[in-house]
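A note on names: the letters A, B, ... follow the listed sequences, proteins ahead of strands, and every chain is numbered from 1.
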Amino acid sequence: QNDGYRTLSLSGHVGFGSLPDQLVKKSIKQGFCFNILCIGETGSGKSTLINSLFNTNFDDPVSSHFLPSVQLRAQTYELQESNVLLKLTIVNTMGFGDQINKEDSYQPIVDYIDAQFEAYLQEELKIKRSLFSYHDTRIHVCLYFISPTGHSLKPLDLLTMKSLDSKVNIIPIIGKADSISKTELQKFKNKIMSELVSNGIQIYQFPTDDETVSNINTIMNEHLPFAVVGSTEKVKIGNKMVRARQYPWGIVQVENENHCDFVKLREMLICTNMEDLREQTHARHYELYRRCRLEEMGFRDIGPENKPVSLQEAYEAKRHEFYLELQRKEEEMRQQFVQRVKEKEAILKEAEQQVQTKFEHRMLMHQEVKLKLEKKKKVLEDEIAMFIEKKANAELLQSQASVSTPVVSLKRDKDRK
Amino acid sequence: PHAGPVETKNEAAMSELVPEPRQKPVVPMKPIGINANLLGYIGIDTIIEQMRKKTMKTGFDFNIMVVGQSGLGKSTLVNTLFKSQVSRKSSGWNREEKIPKTVEIKAIGHVIEEGGVKMKLTVIDTPGFGDQINNENCWEPIEKYINEQYEKFLKEEVNIARKKRIPDTRVHCCLYFISPTGHSLRPLDLEFMKHLSKVVNIIPVIAKADTMTLEEKTEFKQRVRKELEVNGIEFYPQKEFDEDLEDKTENDKIRQESMPFAVVGSDKEYQVNGKRVLGRKTPWGIIEVENLTHCEFALLRDFVIRTHLQDLKEVTHNIHYETYRAKRLNDNGGLPPMTVETEENHESNL
C-alpha cells in the first residue's frame, strides 16, 4: 500500500537532521568493539607494533620459539579517548612459523576466527537473545606480518593468507622494516603484491566509494603492504621525545613518514577505516560464514518444488522431523528391549526344560534302581526266611534225636497205618 | 545409548538440532578487561565521525502510525510535524471520503531530506477506528498490521542469503489521539492502549487542545496520567527501558509533567508580530502552533523528532520485535517440548 516514494520538500525546519547525532550518542553510550588479529612469526615485531599504534604498553610476555603448535592468545583492553570508550581485543599468534612441519599452522587461526563467528551466530539464533549488549569478538582486521627478507613471500605466508582471505580483512605488513633499504623496499613491495595477485589472495582494500576518503584511500592502497617499524623506547629529537630506534649509524623514527609507513597504517587502521572494517566483517565475512553454516545444517531458501522456503518453516520442519526421528528411535529402543527380554525368556525356558528333562530321567533311573534293590531285598529276605526255617528244622531234628525210638516207632506206626 | 539431562527444546538454540557441534579450539575466549593508560592522542574518537558519515550515506527509515477517531486532526498534526504534506489526506485521496465500515490501514511513504540526512518517512493512517456504533475489537486490525510488519522483518532476517539492509516497515511510533473532553479517558482509549502498548511504542496526545483553558488542560492531563497509571498502561518512554540515570531523570520529567502532550496542528501560516508562524485563526485571536504558551506541539515535535527518534526505533527493534520473535519461535505448530528418556526410567516404564 506504499505509494512509490515521492520526494517531498520541507516548508520549514523539522529537526531530523539531528538523527545521526542521536545515533552516535547511543553508540557512544554502548561503547565500541574492535578486534585485531596479529599473525606473524615469533620475533617479527607484532607486540611492539601494537604498543606503538596505541601509544601504550600492553602487558605481553615474550613467547618462546619452542611451542609444539600454533596457539592464540586474546587479551581485551578498555581504552578511553574523549568520550569514546573502545573495547580493544588483541589476538596474537604464538609459535607461528616455529615448527619444523608447518602444514597445520594456519588451522588454529582459521578455527579461532570461525569460533567467533559461530558464537555470534549462536547468539543470533537463540530464541531469547540480546544482540545489542553482545560483546562482539569477531575479528575485524588481521595484520599479517611478512618477514623483511627482501625477496618474496614464504610458502607459509601464501598458504595462511589464502585460507583466511574469505574470512577476515587482511592488511599485509612488513615488520621490522628498518632492515631493508629504500630501493630494496619498493622492489620487495612490488614482488609481494604481484605474488598476492597471482595467487588470488584477496586482501583488504581501503574503500574508495565515499568522496571524502576516496582520495586518501586510493593513495594508501598503492602503498600496501605497509613497511612498519615499532618501538617501545623514546629518543630525544630536537626538544621532543619520540618513539624511535637508536642505531650507531642513526635514529629510525617511528612516526617519520620518510622512515616507515607507521603513520599511514595508524591513519588507515584507526582514523579512517575502523568503521568500514567493522562493517565489512559483519556484512560480508560473517554473512558468508552464516550462509555456509546454515546450508551445512541443511537449511535452504528454496524448497524442493523451487518455491522459496523460509528458514522459519525449514526450522519448524526440521524440528518436526527431529521429533519424529526421536519418537522413532524411542520406539526402536523399546522394540529392541522387548526383543531382548523375549530372547532371554526363551533361553531361560529352554534351560528350564533341560533341567526338567534331566530331573525326570534321574527320577526314572532312581525308580529302576529302587525296584532292583527291592527285588534283591525280597530274595534276601526269602533266603533269610528259608534259612531260619532250616535252622528251626535242624534244631528240631536235634532235639528229636535225643528221644530216638518213639520217633522211629511213630514213624513205623505211621507207615503201618 | 546414553542420554544427558532433560532440556526443553523451547529454550535451546537451533544448532542443537545439528548432530555434531563444531569443535571449539582450545583458546581462552573470555578475554579479561584491563584499563590501559593512554599516552598521547591516537585517533580512536574519529570513529564517531566515521559512523556519522556511514549513517548519512545509508539514510533512515521512520514509520509513524496515527490512531484516533475521525475529526481529531490527525492528518493535520502529522503534516505539521514534518512540515510537508505527508499524510494520506494530502496525497491526492478524496477529502470527502466516507467513514469506512471497518478499520482500514493505509500507509503512505515519502522521502524527505534535511541537513544532508535522507529519511524515508511512512505515515500509517487508521481510518474507521472508533467511528462505528459498535467498536468492539476495533484495535485488532491495527494489532494485526503491526505484527505483520514484525513477521515481514523476521522472514527477511531468517533467510540464508539475506539483504544487506532489511527494509524496515515496522511501526516505530503510534500517536494515539485523545478527545479533549476535559473529563477522562474513554473506555475505548483504555482498551486500545492496554492492548497495543505491549506491542508498539504508544505516545498519547490530546488533540485539538485549543478547546481547553490552561487550567482545564493541566487538570485533564493529570487525570489522564492517573488513569493510565491505574490501568497499568506503559506508554512511551517506558519506565523499564530507561538505560541509565541520565535517561531516567530526563524521561521521568517527560512522563510525569509533559505527557500527554496537548497539541494543536495547522498547515496555514499567518503574520504575527512581523513573523510568519503556523497557526489557527479564530475571531478571538491567532493560536500559534509552535508557541509553547499556546500549546505543546513544539514539545511533541522535539520529543519525537529531535531527541527520541533514534530511541523510538531502537526500542521497537530491541524490545518489541525481539518479544514478537521469541514468541513466534517458541510456539511453532504447537509441538510438545522435547524430552529425552534416560535409560533408567526407560526400563522402569516397561
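Under the 4.0 Å criterion applied to side-chain N and carboxylate O atoms, A:Lys26 and B:Glu243 are assigned as salt-bridge partners. Salt bridge B:Arg162/A:Glu124: present, at least one basic N to carboxylate O contact under 4.0 Å.
For A:Leu121, no part lies under 4.5 angstrom from a heavy atom of chain B. Contact of B:Asp244 with chain A is made through the side chain alone, with heavy-atom distances under 4.5 Å. With a 4.5 Å cut-off on non-hydrogen atoms, B:Arg306 touches chain A through its backbone and its side chain both. The contact between B:Leu81 and chain A is made entirely by backbone atoms, counting heavy-atom distances below 4.5 Å. Interface residue A:Arg278: only side-chain heavy atoms are found under 4.5 Å from chain B. Only the backbone of B:His308 comes within contact range of chain A, with heavy atoms under 4.5 Å apart. At a 4.5 Å heavy-atom cutoff, the contact between A:Thr272 and chain B is made by backbone atoms alone. Neither the backbone nor the side chain of B:Glu49 has a heavy atom closer than 4.5 Å to any heavy atom of chain A. Only the side chain of A:Lys29 comes within contact range of chain B, with at least one heavy atom under 4.5 Å from a heavy atom of that chain. Interface residue A:His13: backbone and side-chain heavy atoms are both found under 4.5 Å from chain B. In this structure, chain B has a heavy atom under 4.5 Å from the side chain of A:Ser18, while its backbone stays farther away. Using a 4.5 Å cut-off between heavy atoms, B:Thr323 does not touch chain A at all. Neither the backbone nor the side chain of B:Lys313 comes within less than 4.5 Å of any heavy atom in chain A. In this structure, the portion of A:Asn273 lying under 4.5 Å from any heavy atom of chain B is its backbone and not its side chain. In this structure, chain A has a heavy atom under 4.5 Å from the side chain of B:Phe60, while its backbone stays farther away. Using a 4.5 Å cut-off between heavy atoms, A:Leu8 contacts chain B through both its backbone and its side chain. If you measure heavy-atom distances from B:Met56 to chain A, the contacts under 4.5 Å come from the side chain alone. Using a 4.5 Å cut-off between heavy atoms, A:Arg291 contacts chain B through both its backbone and its side chain. Contacts of A:Val14 with chain B are made by both backbone and side-chain atoms, with heavy-atom separations under 4.5 Å.
A donor-acceptor pair under 3.5 Å is formed between the side chain of A:Gln22 and the backbone N or O of B:Leu309. Looking only at distances, no side-chain donor or acceptor of B:Gln310 sits under 3.5 Å from a matching main-chain atom of A:Lys25. With A:Glu275 contributing its side chain and B:Met51 its backbone, the two residues share no donor-acceptor pair below 3.5 Å.
Note on B:Thr46, B:Thr80, B:Thr55: by heavy-atom pairs under 4.5 Å with chain A, the leading option is B:Thr46. The greatest number of non-hydrogen atom pairs below 4.5 Å with chain A, out of B:His317, B:Lys164, B:Glu314, B:Arg301, is found for B:Glu314. Per-residue heavy-atom pair counts under 4.5 Å with chain B were compared for A:Ser130, A:Ala283, A:Ala119, A:Cys271, and the maximum is reached by A:Cys271. Ranked by non-hydrogen atom pairs under 4.5 Å with chain B, the options A:Gly17, A:Ser9, A:Pro20, A:Ser27 are led by A:Pro20.
From A:Thr7, atom OG1 reaches atom CD of B:Glu113 across 8.5 Å, with rounding to the nearest 0.5 Å. Once rounded to the nearest 0.5 Å, the distance linking CD1 of B:Ile47 with CG of A:Leu86 reads 7.0 Å. For the atom pair CD1 of B:Ile160 and CD of A:Glu295, the computed distance is 5.5 Å after rounding to the nearest 0.5 Å. Interatomic distance, B:Leu278 CG to A:Ser11 OG, rounded to the nearest 0.5 Å: 6.5 Å. Note that CG of B:Leu121 and CZ of A:Phe16 are 8.0 Å apart. Values are rounded to the nearest 0.5 Å. A distance of 8.0 Å separates CD1 of B:Ile108 from CZ of A:Arg6, quoted to the nearest 0.5 Å.
The shortest non-hydrogen separation linking B:Ser84 to A:Leu10 is OG-CD2, 4.0 Å. Considering all non-hydrogen atoms of both residues, B:Lys53 and A:Val213 come closest at NZ-CG1, 3.7 Å. Shortest non-hydrogen contact noted between A:Met274 and B:Gln50 is N-OE1, 2.9 Å.
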Determine whether A:Arg129 and B:Glu157 satisfy the following criterion, salt bridge (Lys or Arg N to Asp or Glu O under 4.0 Å), listing intermediate values before the conclusion. CA-CA 14 Å; A:Arg129 60 190 188 179; B:Glu157 197 197 1; 2.9 Å; yes
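Exactly one of A:Asp210, A:Asp276, A:Asp209 qualifies for a salt bridge (Lys or Arg N to Asp or Glu O under 4.0 Å) with B:Lys57. That residue is A:Asp209.
Side chains of A:Phe32 and B:Ile44 form no contact here, defined as non-hydrogen atoms less than 4.5 Å apart.
Counted within 6.0 Å of NZ on A:Lys329, heavy atoms from surrounding residues, nucleotides or ligands total 12 or fewer; the atom is thus considered open.
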